Amino acid sequence: MDNFIRVYENAFSNELCDRLINKFESTPDSNKERHDMGEMHFSQVNFRACGWKQEQEELVHIFLSHTKRYTQDLNITSEFPQKYALEDIRLKKYVPDGYDQFGPHVDVVDKNTSTRFLVFFVYLDDNISGGTHFDRINLTSPCKKGSMLIFPPLWTHLHSGLKPIEKPKYIVGSYLHYVAHDK
């Protein structure tokens, strides 16, 4: 893939993917957030808010190891931030109802989101549709179990979360954030 977009297959094991889906499905609806605004339709859980501490620690390690791989693959050295933080990890579920999707958008849109500089999405199941489409370059990352998609969240990377067709789509996501330098 090009334009600072990378896909890393088998970033999550099949066992981890299945465990996260099962944990989501066994989580009470009262701990799930439903989003229905404009082109944004899905349910999600926030790992920290739900007390998924063990899973969060496991995923932080995986995200950070893939950050290193990403910077090496793109030969990014001194220009990559030396200090950064990971945003809360969230698991999203899109049902195949012709409605759930995340239409064309970017993930940095205002001052509140301006600290984001790198996106992580991991597909937890295989799905015929449901990939991530980069609208400006007509490129789609397939929805393949265990694959991690990494790219910049800026206006340069307009993207869409496509609708699943035959079964639900589950993804885990987070962002790297800039942090203030110590004074």
Side-chain angles (χ1 to χ4, degrees), residues 1-13 16-17 20 33 35 39-40 42 44-49 52-53 55-94 101-124 130-162 169-182:
M1 302 194 114
D2 59 12
N3 204 15
F4 293 92
I5 300 167
R6 293 290 181 269
V7 175
Y8 297 101
E9 293 188 9
N10 303 310
F12 283 19
S13 69
L16 177 57
C17 293
L20 291 170
E33 303 167 18
H35 292 269
E39 294 288 320
M40 180 175 65
F42 56 85
Q44 76 175 5
V45 295
N46 178 314
F47 282 37
R48 188 175 49 83
W52 294 12
K53 185 176 170 91
E55 292 80 7
Q56 180 165 323
E57 290 173 2
E58 188 174 1
L59 271 54
V60 165
H61 173 74
I62 295 169
F63 287 142
L64 295 181
S65 69
H66 280 79
T67 299
K68 183 176 182 180
R69 187 172 172 193
Y70 179 84
T71 59
Q72 289 172 342
D73 288 351
L74 292 170
N75 197 28
I76 302 170
T77 55
S78 61
E79 64 273 26
F80 198 81
Q82 296 301 306
K83 292 185 176 187
Y84 45 82
L86 199 62
E87 186 170 302
D88 285 353
I89 299 170
R90 294 175 177 86
L91 191 160
K92 293 179 171 69
K93 176 183 180 181
Y94 299 82
Q101 66 175 324
F102 205 142
H105 68 285
V106 295
D107 298 312
V108 173
V109 295
D110 57 23
K111 186 174 180 179
N112 291 332
T113 57
S114 67
T115 60
R116 293 173 171 173
F117 70 90
L118 201 61
V119 178
F120 299 95
F121 292 151
V122 181
Y123 304 103
L124 300 182
T132 302
H133 182 72
F134 293 90
D135 302 69
R136 289 193 175 104
I137 58 174
N138 196 27
L139 178 70
T140 301
S141 170
C143 186
K144 184 174 179 186
K145 187 175 187 174
S147 291
M148 180 182 294
L149 173 63
I150 304 177
F151 61 96
L154 306 171
W155 58 270
T156 55
H157 289 78
L158 180 71
H159 60 284
S160 305
L162 303 176
K169 171 178 83 170
Y170 299 86
I171 66 166
V172 168
S174 187
Y175 303 88
L176 284 187
H177 282 220
Y178 295 108
V179 295
H181 290 285
D182 296 333

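Since the model is a prediction, treat every value here as computed from it, not as a measurement.
- Contact annotation: the side chain of Phe4 never approaches that of Thr156 to less than 4.5 Å [non-hydrogen atoms, C-beta and beyond].
- In this structure, the side-chain hydrogen bond (donor to acceptor under 3.5 Å, both in side chains) partners of Glu87, at least two apart in sequence or on a different chain, are Arg90, Arg116, His177.
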* Can you list the steps and then say if Phe151 with Phe121 is a ring pair (Phe, Tyr, Trp, His ring centres under 6.0 Å)? -> CA-CA 9 Å; Phe151 61 96; Phe121 292 151; 5.7 Å; yes
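- Residues satisfying the side-chain contact (heavy atoms from CB on, under 4.5 Å) test with Gln72, not counting sequence neighbours, are Lys68.
- Glu57 pairs by the side-chain contact (heavy atoms from CB on, under 4.5 Å) definition with Lys53, not counting sequence neighbours.
- A donor-acceptor pair is defined here as one N or O able to donate and one able to accept, closer than 3.5 Å; no such pair exists between the side chain of His157 and the backbone of Pro153.
- Between the Lys92 side chain and the Gly173 main chain, no donor and acceptor come within less than 3.5 Å of each other.
- Remark: Val60 pairs with Gln56, Leu64, Leu86, Ile89 by the side-chain contact (heavy atoms from CB on, under 4.5 Å) rule, at least two apart or across chains.
- Side-chain atoms of Met148 and Ile62, non-hydrogen and from C-beta on, do get closer than 4.5 Å to each other.
- For Lys145, the salt bridge (Lys or Arg N to Asp or Glu O under 4.0 Å) test picks out Asp18, with sequence neighbours left out.
- Take Asp73 and apply the salt bridge (Lys or Arg N to Asp or Glu O under 4.0 Å) test, not counting sequence neighbours, and it matches no residue.
- Remark: Ser160 pairs with Asp135 by the side-chain hydrogen bond (donor to acceptor under 3.5 Å, both in side chains) rule, at least two apart or across chains.
- Residues that satisfy the side-chain hydrogen bond (donor to acceptor under 3.5 Å, both in side chains) test with Asn10, not counting sequence neighbours, are absent from this structure.
- With sequence neighbours left out, the side-chain hydrogen bond (donor to acceptor under 3.5 Å, both in side chains) criterion links Glu58 to Arg19.
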Please set out all donor-acceptor pairs under 3.5 angstrom arising from side-chain atoms of residues 103-113, sequence neighbours excluded.
residue: His105; atom: ND1; partner: Gly103; partner atom: O; Å: 2.7
residue: His105; atom: ND1; partner: His159; partner atom: O; Å: 3.2
residue: His105; atom: NE2; partner: Asp107; partner atom: OD1; Å: 3.3
residue: His105; atom: NE2; partner: His159; partner atom: NE2; Å: 3.2
residue: Asp107; atom: OD1; partner: Tyr175; partner atom: OH; Å: 3.3
residue: Asp107; atom: OD2; partner: His159; partner atom: NE2; Å: 3.1
residue: Asp110; atom: OD1; partner: Asn112; partner atom: N; Å: 3.1
residue: Asp110; atom: OD1; partner: Thr113; partner atom: N; Å: 3.0
residue: Asp110; atom: OD1; partner: Thr113; partner atom: OG1; Å: 3.1
residue: Thr113; atom: OG1; partner: Val109; partner atom: N; Å: 2.8
residue: Thr113; atom: OG1; partner: Asp110; partner atom: N; Å: 3.2
residue: Thr113; atom: OG1; partner: Asp110; partner atom: O; Å: 3.3

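- Annotation: ring pair (Phe, Tyr, Trp, His ring centres under 6.0 Å) contacts of Tyr84 (sequence neighbours excluded): Phe80.
- By the side-chain contact (heavy atoms from CB on, under 4.5 Å) test, Arg136 pairs with Leu158, sequence neighbours left out.
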